[in-house]
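So you know, we letter chains A, B, ... as the sequences are listed, proteins then strands, and number each from 1. All heavy atoms count here, side chains included; hydrogens, waters and symmetry mates do not. All values derive from a computational prediction rather than experimental measurement.
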Amino acid sequence: MLYNAPHPLEVKVLTRRFGLENSASIDTYLATDGYKALGKALDMTPDDIINEVKASNLRGRGGAGFPTGMKWSFVPRNVDKPKYIVVNADESEPGTCKDRLLIENDPHQLIEGVLIAALAVGASKGWIYIRGEYRYLIDIMDKALAEAYARGYLGQNICGRGFNFELYTQTGAGAYECGEESALLESLEGKRGVPRIRPPFPAVSGAFQSPTILNNVETFCAVPAILRDGGPAFSALGVPKNGGTRMFCLSGHLNVTGVYELPMGFPLLKMINEIGGGVRGGRKLKAVIPGGSSCPVLKAEECDLPMDYDSLMKAKSMLGSGGVVVMDEQTDMVKAALRIMHFYQHESCGWCIPCREGTTWLKKLLTRLDAGRGTIGDVNLVGDLARNMLGRTFCPLGDAAAMPTISIVEKFRDEFEAKLANYTAPRAQSSQFVVV
Amino acid sequence: MNFSPQLEQKFADLLTHYPEGRQRAALIPMLMFAQDEVGSITPDVVTELAKRCGITPLQVDEVIGFYSMLHRKPLGKYHVQVCTNISCLLVGGEELYEHACKKLGIGHKQVTADGQFSLEEVECMGACSWAPAIQIGYDFHHAVSPQKFDQLIDALRKIQ
Amino acid sequence: MPDVNLIIDGKAVTAPAGTLAIDAAKTAGIEIPAFCYYEGLSLQAACRMCLVEVEKAPKLLVACTLPVAEGMVIHTDSPAVKNARKYTLEFLLTNHPLDCPVCDKGGECELQDMVFRYGAGESRFTDVKHHVDEKQWSPVVYFDAPRCILCYRCVRICNEGMGVGALGVINRGVISEIAPSHGDHLECDECGMCIDICPVGALTSGAYRYKTRPWEMQHVGTICTHCSNGCKTTLGVRNGEIVRANNRDRSGINNEFLCVKGRYGFDFNASTERLQSPMMRVGNGYEPISWAKALQIVSEKFSETKTRGGKFGVIASPHSTNEDNYFLQKFVREGLGSKNIDHQQSGDVVTLIDALSGKSGKLAAFEDLYKTKAALVISSDLAQQHPLLAFQLRANFRHHAMKMFAVTPGPVREDQYAKRSVRVEAGQELSALENLRDELKAAGELVVLFGDAIKGDAVRKLVDFGESLGIAVKYICLVDYSNSRGAVDMGLTPELLPGYHAAPAGGLHADEMLAAPDLDVLWVVGANPLEKASLASKAFVVVQDLFMTETAQQADIVLPSASAYEKNGTVTNVTGEVQKLKAGPKTMGAKPDLEIIGLIGKEMGVRVGIWTSDAVFDEIRRNVRGYNVPLPIIATGGAAVTAPVNGRVPVETRPDRVQSAGDTLFTSGSLGRYSKTLASVLEAPGALYKP
Ligand SMILES: Cc1cc2nc3c(=O)[nH]c(=O)nc-3n(C[C@H](O)[C@H](O)[C@H](O)COP(=O)(O)O)c2cc1C
Ligand code: SF4
Ligand code: FES
């Protein structure tokens, strides 16, 4: 079982079963009041359930931070189409490795969350779309699903209450873009992972053109707790409009890295210094990517803020997917910019011109700049091109590529200039990330 | 073309997972599982799965080309994937990749002469907090130092 | 939908709610540039060229998927919009080779035009472009990936428009590429729509590539001379020779459509086998003679036969113009005093007209195919024999969910979307209909298309069935060639005068002429009756044709005639639309049939009227029921529907003689044999429908 030693400052709600003996088994789950929230939900009206979730101020953990209760309320009531639930377990945002733990350590919590969502919108089927690299999670999940079917928590007449729901796993095959909700739905339907034109949004026309609730793993995993302890209680764990706890994935130059469940609004510096044990080797902090590589980076001096959607919005960055990547004073920011762009270029689906061509051009420029070649003009061009991709692409991947790039050239321009100044011999080939 | 009974069973189940007439949805899982068994996605696999999903071979090709885990050429028995994305990069992912190239004597997307190992520099694999990370086949290995890497490879070399 | 009011660039615009901003702007005369948007095909929002500024919206929006709303204020040329376009184009050019000087599309390339109008003067891209080598996918389709801008128009026209699905997208990101159905080659209709619809030079035509620059051609709008569907085609004529045929300007009833024959089948016209001088049989060979000599011989023979009351037999063509045909039958009936004129009928139009007597508005016009709520196809493979009708019906299905019913002997492409497909033995078609009665009735409106399997009484029964449904039903009798319908209208049968008036009884049918032992003169104008039949008599044979056909090889005198592409005049398509031919290329020595007939008459001193196409058409409008069509429409290259005739056709017809040649998508009677391109397509690995 992959998980790190708990930290005293953690508030364990979603991770409360982590570390228990056979935490993934249904017996452990039931023994620790598993599926109690489902029982509660079965006695509630759909509206009550949705209102409870609204009251919890739960916001989507996949990246966009959209209020979950509101999203559920968009599902049309009286349409004759079947309704579906889709779990986004594509977890591909660099710096993010939390959904993996939630499924590995407590798959039934996810199942229960999905079942409650199904009750809230009257869904009959669901799929857990798991990125292809997480094959072992598919096996864990399938085992959990089998247990749930066997114990009557899935299938026909669930808990003897005439509630029917089928839940399946579905594997991805290696495409970051399939984390984007509409691309995921295309992929689920057996097609290329190219996003859809929206509107209509999934809530109205999603999987197989039926109304669909699509949420991140962590979002669903928070739902049982919300029903169990009540929306307000969950909300109270966090800060206003940012309810509950969330999983923060600490990585990079820290003494202690790992995934920790902390209340919304937890101070970033405290996270770095107390949870992460400070920057490695006593070095100074240079920068932090606060929520996965799509987010604009924060300079050290900008890091004194609480980790919630609104505070990061104010700081012109994003809470994103909870991937906190810490960089020390020796970090080569030009190279970081290149590696990040290299990723988005590799993952661009190719559908729209600004992203397809923009990321490719930017990667070429950054490759040159990282090698110390190129000109100051190239540095300006990088910023200019990124700014002119922003908001013009078909889906947010283009923005995800542009935002960190813009922030790095703006905040660390001196490093680009220094590289150009110190250029001596050509660098080794391998730094050019030849992945195609 | 036929697959192993177990796989045929898996396919049969898969096809029941989707709404009526939407069996094409089984394509990507089928491709992944077929690749695991056959070793790569051969032209036969393409025509066969096209038939089973009720689509044209071209529609299958469109899908294969989109997903980076689907391969038309056989990989090594042990497919070594080294992440060099940001979190891994910060803690030596790139050096690890360069070390892997030397250790295995091959480069990106290449296969050793004996067909035992193939190497791929990959994107974030969701192990950022335990970086640098690699996957051998579907197995994760965390906080992999060059030494640890050598031990892993040597162990595998012994097996054969 | 109710109308909404909005403002685009300060202009007040009113459009039905749900109209896309890009279309609403067009109605206001404002162009919003776009690559991937293509009217009638599914939406992509991929090229991002159509970004516009909408007041109160946080960012620029794509006009191609933006439904207009009440009170919307849109700016299509604000600084922000201009800037966005400039960047999109600069991005596009980073991987687009600038080989415009040698590119087929140069001069008519949408990318060139866009960069010219909206682009940046200079590019800041100094790195290496992604290159892939050019591929040949079929004898007529080449693909140059680097030039492709991934607008997916080709993929959509092939999948959605044609229902063929021979094109797709492989790979991901910047190496995404359009790919053909069979790995390295296409298996498809070879219609070439993908080439025409490509905004750049990524898809090029094997027949046209590297032959010329667009501005070195005259562009002549005329009508395709192959099948009966009557597609408008724009001939690119250079030094009197056709180098290209397309319909990129989307003019005419066929919009962007052209099939393989229309797009590539023009090369028969420049065939080295074209006759360029009159020929006279000498021994068992032929010798070229002057027009003067030829006309003299023919007219003397004709006059001599006429004066001693000898027997003429005249067989005309379903490819010749209405003017040729009208003038010919008039000359034969009035000038030569013979009743013996006929042509090969490929559909039983006559019985249909008769069965519909007393009713009006019963013959479906082309536009009905796009509007009707339902269509019933009986015994015809539309995709093969009537590709434009198939295209139009599919468009109706895509845009209005029209209900298709197919009653055919074998599988047809319409099965893809048909509400019901029924397989029947020949002869069982009508009985099969009974089972469809309720569904057809429920559709509320119907167009029935039937092939030559339905003739004579079967046509009457079919009409009875249709009329018994109690819904609005219209009919289309499917015929083979470019003027098959016009030929009947013009009275090219022994029992009918122009406009379906009864002719004096006793005229011979084609087969009777060939069989008659006492035939004195056989005059064949653009037909090939002796390809399969033989001539019983020792008749003097005069043949007007483009080629030394089987029939011409038995002629005493062969007169080289001009092809439809070299003529002016009109033709009438399968749905009764009259359209104008415009002469493009020229073949030395050949003359239009109308002129030849006129000259023969002149030699004989027999005058039946002026033989200019305008004069004859004027007479047709006055004398032929249904042809009194508005001239401006025709003159401007439009299609004028001939008003359906109304009233009994008071004659005994011989439906048993009605017989379709059963051409496939890649054949076109005798003409097709002289097209190298059609032949090359047939030999290629991807060829469908081997005859
Ligand atoms: C390019 C791109 C990649 C994304 N990847 C993921 C992902 O890996 N996992 C995820 O849960 N959401 C991802 N998202 C966000 C999803 O589109 C969607 O907003 C989210 O799954 C909704 O669930 P939530 O409301 O619970 O966050 C991605 C979005 C974009 C634009
Ligand atoms: S921004 Fe465009 S190319 Fe990029 S991933 Fe989205 S749709 Fe594809
Ligand atoms: S960056 Fe390597 S696993 Fe996430």
Please classify the contact between [X] and chain B as side chain, backbone, both or neither, with a heavy-atom cut-off of under 4.5 Å.
X: Y84(A); answer: side chain
X: K191(A); answer: both
X: I289(A); answer: side chain
X: D328(A); answer: neither
X: Y136(A); answer: side chain
X: V324(A); answer: neither
X: V259(A); answer: both
X: I138(A); answer: neither
X: T331(A); answer: side chain

I'd like to know if the side chain of E133(A) reaches the main chain of G126(B), judged simply by a donor and an acceptor atom lying under 3.5 Å from each other, with no hydrogens or angles considered. no
Are any side-chain N or O atoms of T257(A) and backbone N or O atoms of W130(B), one a donor and one an acceptor, separated by less than 3.5 Å? no
Heavy atoms only, distances under 4.5 angstrom: which of Q330(A), R131(A), K125(A), R280(A) has the most pairs with chain B? Name it, please. R131(A)
Given the options H253(A), E91(A), K98(A), which has more heavy-atom pairs under 4.5 Å with chain B than any of the others? H253(A)
Checking Y129(A), Y168(A), F208(A) against H17(B) for ring pair (Phe, Tyr, Trp, His ring centres under 6.0 Å), the one that qualifies is Y168(A)
If you look at every heavy atom in [X] and [Y], which pair is closest and at what distance?
X: G132(A); Y: M32(B); result: CA-CE, 3.9 Å
X: T84(B); Y: R339(A); result: O-NE, 2.7 Å
X: G252(A); Y: V91(B); result: O-CG1, 3.8 Å
X: V63(B); Y: G190(A); result: CG2-O, 3.5 Å
X: P94(A); Y: I86(B); result: CB-CG2, 4.0 Å
X: T171(A); Y: P29(B); result: CG2-CA, 3.6 Å

Student check: side-chain heavy atoms of E123(B) and Y176(A) closer than 4.5 Å: no
Is the charged tip of R100(A) near the ring of F140(B): under 6.0 Å from the six-membered ring centre and within 45° of its axis? yes
Cationic tip of R192(A) within the cone over F66(B)'s six-membered ring, i.e. under 6.0 Å and within 45° of the normal? no
Residues, nucleotides or ligands: over 12 heavy atoms within 6.0 Å of K73(B) NZ: no
Working note: K335(A) + E94(B), criterion salt bridge (charged side-chain N to carboxylate O under 4.0 Å, His left out); need CA distance, chi angles, decisive distance, verdict. CA-CA 11 Å; K335(A) 182 175 216 166; E94(B) 191 186 8; 2.5 Å; yes
Toward chain A, the part of Q135(B) with a non-hydrogen atom under 4.5 Å: side chain
Under 4.5 Å from any heavy atom of chain A, what part of D139(B) do you find: side chain, backbone, both or neither? neither
I'd like to know whether C97(A) forms a side-chain contact (heavy atoms from CB on, under 4.5 Å) with S129(B), so could you lay out the CA-CA distance, the side-chain angles of the two residues, the decisive distance to 0.1 Å, and finally the verdict. CA-CA 7 Å; C97(A) 47; S129(B) 293; 3.3 Å; yes
Under the side-chain contact (heavy atoms from CB on, under 4.5 Å) rule, what do S187(A) and I28(B) come out as? Steps first, then yes or no, please. CA-CA 8 Å; S187(A) 184; I28(B) 291 162; 3.5 Å; yes
Please step through side-chain contact (heavy atoms from CB on, under 4.5 Å) for the pair Y67(B) and C178(A), ending with a clear verdict. CA-CA 10 Å; Y67(B) 295 91; C178(A) 291; 3.6 Å; yes
Apply the test side-chain contact (heavy atoms from CB on, under 4.5 Å) to residues W127(A) and Y18(B): give CA-CA distance (whole Å), side-chain angles for both, the deciding distance (0.1 Å), then the verdict. CA-CA 9 Å; W127(A) 294 269; Y18(B) 315 99; 3.7 Å; yes
With a 4.0 Å cut-off on N to O distance, would you call R22(B) and E189(A) a salt bridge? yes
